[in-house]
Amino acid sequence: MDTDTLACQDLLRQCTQVASFTLALHRVACMYAWRDLEPYAEEAWYQISAARGPMWVEIREFVREAWID
């Protein structure tokens, strides 16, 4: 595989990981306000991403917007 294909596969993996995390988070904690949940969401993200996913600062706005909408 060429580097473009590998980069696209990695990006797709990261997007899937972030979307799955956001969906799971919403399912288990939908009764909490985002401002109360965010510190726990950040901690959970770092525990499951294991330095393979994007950093929290890169996904925070996506997760927040998905939470509020």
Side-chain angles (χ1 to χ4, degrees):
M1 281 191 239
D2 62 11
T3 56
D4 287 340
T5 302
L6 291 173
C8 287
Q9 286 179 344
D10 187 51
L11 181 60
L12 179 60
R13 180 192 58 76
Q14 289 180 14
C15 290
T16 302
Q17 184 181 25
V18 172
S20 296
F21 172 76
T22 303
L23 181 61
L25 185 66
H26 196 271
R27 284 186 179 165
V28 299
C30 63
M31 67 290 270
Y32 298 106
W34 173 250
R35 69 180 178 279
D36 299 329
L37 180 68
E38 184 180 2
Y40 301 104
E42 180 178 7
E43 181 180 333
W45 175 253
Y46 282 123
Q47 288 179 5
I48 66 164
S49 70
R52 291 182 45 210
M55 301 294 293
W56 177 252
V57 296
E58 297 171 323
I59 70 163
R60 179 190 177 275
E61 283 302 307
F62 173 82
V63 178
R64 185 189 67 78
E65 286 180 22
W67 192 264
I68 292 172
D69 290 339

Exercise. Leu11, Val18: one ILVMFWY side-chain cluster at the under-4.5 Å cut-off?
Worked result: no
For this session: Output the distance between atom CD (Gln47) and atom CD (Glu43), rounded to the nearest 0.5 Å.
Result: 5.0 Å
Exercise. Can you name the nearest heavy-atom pair linking Arg60 to Trp34, along with the distance?
Worked result: NH2-NE1, 4.0 Å
Problem set entry | Pairwise distance CD(Glu65) to OG1(Thr22) - rounded to 0.5 angstrom | 11.0 Å
Exercise. Do Ile59 and Val28 belong together in a cluster built from hydrophobic side chains that touch within less than 4.5 Å?
Worked result: no
Problem set entry | Qualifying salt bridge (Lys or Arg N to Asp or Glu O under 4.0 Å) pairs with a residue from residues 3-19, counting only residues at least two apart or across chains | Asp10-Arg13
Exercise. CG/Asp36 to CE/Met31 distance, rounded to the nearest 0.5 angstrom?
Worked result: 12.5 Å
For this session: Indicate, with yes or no, if Ile48 and Val57 share a hydrophobic cluster defined by side-chain heavy-atom contacts under 4.5 Å among Ile, Leu, Val, Met, Phe, Trp and Tyr.
Result: yes
Exercise. Do Trp56 and Tyr46 make the cut of ring centroids closer than 6.0 angstrom?
Worked result: no
Problem set entry | Expected output: side-chain Trp45 to main-chain Pro54 donor-acceptor under 3.5 Å | yes
For this session: Search all heavy atoms of Glu61 against all heavy atoms of Arg64 and return the closest pair with its distance.
Result: OE1-NH2, 2.9 Å
Problem set entry | Same apolar cluster (I L V M F W Y, side chains within < 4.5 Å links), Phe62/Leu23 | no
Problem set entry | Which atom of Ala44 lies closest to which atom of Phe21, heavy atoms considered | CB-CE1, 4.1 Å
